[in-house]
Amino acid sequence: EALTEEENRRAREKEEREDTERRERELLKKVYGSSVKTIKEILLADKQKVKESKLEEDVKEEILLVVDMLANVLESEDKDAVTYAFIAYKYVAKTKPFLFFGRVKKISKLVKDILNAI
């Protein structure tokens with residue numbers, strides 16, 4: 001009987017562990033999904049600002065390339081690519097502070113959530 005009880009206890013512990021892990025994965029996916037959605041909304045607004053700006057066309061194209069790169073890489077689940085794209089975005093934002101005012105802080109928090117979920 002003791003052996004049977006021990007097997008049952010281990011089975012219950014294993015089920016509880018798996019259930020907890022499943023809930024954590026689902027929570028991370030929710031955080032991940034909402035963070036991706038929020039970042040994409042911010043990037044869409046950034047693209048609109050850049051297109052409406054009085055910058056030279058070649059500069060606009062380069063900035064839009066960096067913004068698009070970040071937007072596209074968010075769903076790839078490649079930490080290095082996300083980090084690389086965010087760093088590029090961050091430095092573009094520093095060169096044009098009026099276009100990207102306050103964006104880096106907002107996106108930085110969301111990118112951390114995404115990187116933790118990957």
Side-chain angles (χ1 to χ4, degrees):
E1 285 183 33
L3 189 60
T4 305
E5 282 182 32
E6 183 64 21
E7 287 176 0
N8 289 339
R9 186 186 63 77
R10 285 184 184 172
R12 279 193 306 263
E13 285 178 0
K14 183 179 177 184
E15 278 183 32
E16 289 172 6
R17 236 187 347 254
E18 289 173 352
D19 191 43
T20 303
E21 289 173 3
R22 184 183 46 77
R23 277 191 255 125
E24 287 176 5
R25 280 193 305 268
E26 287 175 4
L27 179 63
L28 285 175
K29 284 182 182 179
K30 287 180 185 177
V31 169
Y32 174 81
S34 66
S35 295
V36 168
K37 182 179 177 187
T38 305
I39 291 175
K40 285 193 173 196
E41 290 170 358
I42 292 170
L43 294 177
L44 187 61
D46 287 347
K47 282 180 71 169
Q48 196 62 34
K49 279 185 183 179
V50 170
K51 287 179 182 178
E52 294 171 357
S53 72
K54 295 179 181 177
L55 297 171
E56 295 177 21
E57 287 303 314
D58 60 332
V59 174
K60 284 183 185 181
E61 287 178 23
E62 292 170 354
I63 292 173
L64 291 175
L65 176 68
V66 171
V67 172
D68 286 339
M69 181 178 61
L70 180 57
N72 292 334
V73 80
L74 288 174
E75 295 176 359
S76 70
E77 296 187 8
D78 182 358
K79 283 186 176 186
D80 292 335
V82 172
T83 304
Y84 177 81
F86 175 66
I87 290 170
Y89 176 85
K90 183 169 66 171
Y91 283 101
V92 165
K94 284 184 179 184
T95 64
K96 304 294 180 196
F98 295 110
L99 280 176
F100 298 97
F101 185 76
R103 297 293 206 214
V104 173
K105 272 188 178 179
K106 290 178 187 176
I107 292 180
S108 178
K109 293 176 186 176
L110 297 169
V111 166
K112 285 180 185 176
D113 290 341
I114 291 170
L115 291 174
N116 289 335
I118 295 177

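Note that the structure is a prediction, hence the values are computed from the model and not measured.
- Under the 4.5 Å side-chain heavy-atom criterion for ILVMFWY residues, no single connected hydrophobic cluster contains both Leu70 and Ile87.
- Interatomic distance, CD of Glu62 versus CG of Leu55, reported as 10.5 Å (0.5 Å rounding).
- Under a cut-off of 6.0 angstrom, the local environment of CD in Glu56 is sparse, with at most 12 non-hydrogen atoms contributed by other residues, nucleotides or ligands.
- Between Lys47 and Glu52 the shortest side-chain heavy-atom distance does not fall below 4.5 Å.
- For the pair Asp46/Leu43, a side-chain contact is recorded, criterion being any heavy-atom separation below 4.5 Å from C-beta on.
- Nearest approach of Lys106 to Ile42, heavy atoms of both residues: CB-CD1, 4.3 Å.
- Taking CD1 of Ile63 as the reference point, atom NZ of Lys51 lies at 13.0 Å (rounded to 0.5 Å).
- A distance of 7.0 Å separates CZ in Phe86 from CD1 in Ile107, rounded to the nearest 0.5 Å.
- Looking at heavy atoms from C-beta onward, Asn8 lies in side-chain contact with Arg12 at the 4.5 angstrom threshold.
- Within the model, atoms NZ of Lys37 and CD1 of Ile39 stand 13.5 Å from one another, a figure rounded to the nearest 0.5 Å.
- Of the possible polar contacts, none joining the Asp19 side chain to the Glu15 backbone as a donor-acceptor pair under 3.5 Å is found.
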- Chi angles and distances behind the side-chain contact (heavy atoms from CB on, under 4.5 Å) call for Arg103, Lys90: CA-CA 9 Å; Arg103 297 293 206 214; Lys90 183 169 66 171; over 6 Å; no

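- For the atom pair OG (Ser35) and CG (Leu74), the distance works out to 9.5 Å, reported to the nearest 0.5 Å.
- Side-chain contact between Phe100 and Thr95 is absent, with no heavy atoms from C-beta onward closer than 4.5 Å.
- Of all heavy-atom pairs between Ala85 and Met69, the closest is CA-CE, 3.8 Å.
- When side chains are defined from C-beta on, Val50 does not count as touching Val67, because their heavy atoms never get closer than 4.5 Å.
- No donor-acceptor pair closer than 3.5 Å links the side chain of Ser108 to the backbone N or O of Lys105.
- Ion pair Lys60/Glu57 flagged as a salt bridge, since at least one NZ, NE, NH1 or NH2 atom sits closer than 4.0 Å to an Asp/Glu carboxylate oxygen.
- Hydrophobic clustering (ILVMFWY, side-chain heavy atoms < 4.5 Å, transitive): Leu65 and Val59 are in distinct clusters.
- By the 4.5 Å heavy-atom criterion applied to side chains, Tyr91 and Val104 are not counted as neighbours.
- Linking Ile, Leu, Val, Met, Phe, Trp and Tyr whenever their side-chain heavy atoms come within less than 4.5 Å puts Val36 and Leu115 in one cluster.
- Between Glu5 and Arg9 no salt bridge is recorded (no basic side-chain N to carboxylate O distance below 4.0 Å).
- A distance of 10.0 Å separates CZ in Phe101 from NZ in Lys49, rounded to the nearest 0.5 Å.
- Residues Glu7 and Arg10 fail the side-chain proximity criterion, which asks for heavy atoms closer than 4.5 Å.
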